[in-house]
Protein chains: 2
Amino acid sequence: MGWWGDWPHAEETAMNIGQAAAATGVTAKRIRYYEQIGLIEPAGRTDAGYRHFGERDLHTLRFIQSARRLGFSMPKISNLLALWRDQNRSSADVKRLAKEHVAELEQKIAELQSMVDTLKHLSHKCSGDARPDCPIIAGFEGDPS
Amino acid sequence: MGWWGDWPHAEETAMNIGQAAAATGVTAKRIRYYEQIGLIEPAGRTDAGYRHFGERDLHTLRFIQSARRLGFSMPKISNLLALWRDQNRSSADVKRLAKEHVAELEQKIAELQSMVDTLKHLSHKCSGDARPDCPIIAGFEGDPS
DNA sequence: CTTGACCTTCCCATAATGGGAGGGTTTACC
DNA sequence: GGTAAACCCTCCCATTATGGGAAGGTCAAG
């Protein structure tokens, strides 16, 4: 258990899940999901069973949302969160994760770009009129290997 | 039912699903799946219930495999197959589908590229040493909107 | 004290596969 | 003819990261 695990401080804010969603851009559904898969710690509950979120929780959710928008998967975000909370992290570790992710993104881009190139090449040779002859569709008949 | 629906011709080849898979690069699992979702017509069966595939079926599977490798989704491939089999298609229709798909691919590429750019920008400012300070992780704390 | 806007959990659905169990078939070989 | 390996079959479950919706409890305003 980390030093940050149980803060005796009273939370300044206490939002319910809907307010937290509005404040962070993470839908209520997603917040519950993140809790379920253990990405975030279980939120506190009111007597009635409602979750409540403090500044700290909102901060975490915003962090997740940011990472999400940069295309990080849940497992990767989990790693990033661990580093984020680790006072003794080295920036080298963070940079390495980021670089690995960039490499994956660029690989994906290359694949997509290759598809685009092939399709544009085929399209270029297609008359695009009322006749049925079409190099695009003909190109699909070749060896798919 | 189209003119091509029921061919009285005897099939020259009669492969079972494993051979068809090896011949087309489409795994047996995927062939069954394509049949199940109605992308391809149900394969003929032997008395024992084994599927068998003729040249025509292999041709179709190769077509699907090619389209798949160009990133087309199942519904789109379904459209492409319909055009492929339509003797009265216009190449304009094919070209339009291809162009729409290219547009989607390029949109996806742009999103991924934007992620890459942001991450590279942040990474560039990260010392990547033993110190914990890291603009990458700090960048995740900002407004995720 | 009712009504509507919340919240809760639970189950289902998505896209396009892969994995595997449980059970029949075919093939090759002795 | 029998046996074992290599097929095939049909189900069911898992994946990723969410959304939708039902059934039911709760809170706030009027």
Side-chain angles (χ1 to χ4, degrees), chain A residues 14-40 42-54 57 60-61 63-81 101 104-105 108 111-112 115 144, chain B residues 14-40 42-54 57 60-61 63-81 101 104-105 108 111-112 115 144:
Chain A
M15 294 184 171
N16 62 28
I17 202 169
Q19 294 166 320
T24 62
V26 182
T27 64
K29 277 281 195 193
R30 280 165 59 200
I31 295 174
R32 293 192 196 100
Y33 173 66
Y34 294 157
E35 180 181 298
Q36 189 197 324
I37 65 172
L39 185 66
I40 59 181
R45 300 289 184 127
T46 67
D47 287 351
Y50 283 26
R51 288 175 183 80
H52 57 85
F53 301 84
D57 302 310
T60 303
L61 288 172
F63 182 96
I64 292 170
Q65 180 73 344
S66 292
R68 198 72 208 75
R69 294 167 67 88
L70 289 175
F72 286 95
S73 64
M74 296 300 127
K76 284 178 180 169
I77 292 176
S78 185
N79 293 339
L80 288 170
L81 276 171
H101 184 51
E104 286 178 31
L105 291 174
K108 188 71 186 165
E111 289 170 10
L112 296 177
M115 295 174 185
Chain B
M15 293 183 171
N16 63 27
I17 201 169
Q19 295 167 319
T24 61
V26 182
T27 64
K29 277 281 195 193
R30 280 165 60 201
I31 295 174
R32 293 191 196 101
Y33 173 66
Y34 294 158
E35 180 181 299
Q36 190 196 323
I37 65 172
L39 185 66
I40 58 180
R45 300 290 184 125
T46 67
D47 286 352
Y50 282 25
R51 289 175 184 79
H52 56 85
F53 301 84
D57 301 310
T60 304
L61 288 171
F63 182 97
I64 291 171
Q65 180 73 344
S66 292
R68 198 72 208 76
R69 292 168 69 88
L70 289 175
F72 286 94
S73 63
M74 294 302 127
K76 283 178 180 171
I77 292 177
S78 185
N79 294 338
L80 288 170
L81 276 173
H101 185 50
E104 285 178 34
L105 291 174
K108 189 71 186 163
E111 289 170 10
L112 296 177
M115 295 174 184

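Among all heavy-atom pairs drawn from B/Ala21 and B/Ala28, the shortest one is CB-N, 3.8 Å. Taking every heavy atom of both residues into account, A/Leu80 and A/Ala67 meet most closely at CD1-CB, 4.3 Å. Minimum interatomic distance between B/Ile17 and B/Arg32 (heavy atoms only, all atoms of both residues): CD1-CG, 3.6 Å. What you find for A/Gly71 and A/His101 is that their closest heavy atoms are O-CE1, 3.0 Å.
Per the geometry, CZ belonging to B/Arg45 stands 13 Å off P belonging to C/dT26, to the nearest Å.
Along DNA chain D, read 5' to 3', the first and last nucleotides having any atom under 4.0 Å from a heavy atom of chain B are D/dC7 to D/dC11.
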Polar atom pairs (N or O), protein with nucleotides 4-6 of chain C, under 3.5 Å:
| unit_1 | atom_1 | unit_2 | atom_2 | d |
| --- | --- | --- | --- | --- |
| C/dC6 | O2 | A/Tyr50 | OH | 3.3 |

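Each of B/Arg68 and B/Thr46 was matched to the nucleotide of DNA chain C holding its nearest heavy atom; the match closer to the 5' end belongs to B/Arg68.
Between B/Arg45 and B/Glu35 a salt bridge is recorded (basic side-chain N to carboxylate O distance below 4.0 Å). The pair A/Lys76-A/Glu104 meets the salt-bridge criterion, since a charged nitrogen lies less than 4.0 angstrom from a carboxylate oxygen.
Side-chain atoms of B/Leu81 and B/Phe63, non-hydrogen and from C-beta on, do get closer than 4.5 Å to each other. Contact annotation: the side chain of B/Arg69 never approaches that of A/Met115 to less than 4.5 Å [non-hydrogen atoms, C-beta and beyond]. Using a 4.5 Å heavy-atom cutoff, the side chains of A/Asn16 and A/Phe53 are not in contact.
Proximity of residues 26-39 of chain B to DNA chain D (heavy atom under 4.0 angstrom from any strand atom) is restricted to B/Lys29, B/Arg32.
Residue B/Ile31 forms a side chain to side chain contact (heavy atoms under 4.5 Å, CB included) with just one option from B/Leu39, B/Val26, B/Asp57, B/Ile64, and that option is B/Val26.
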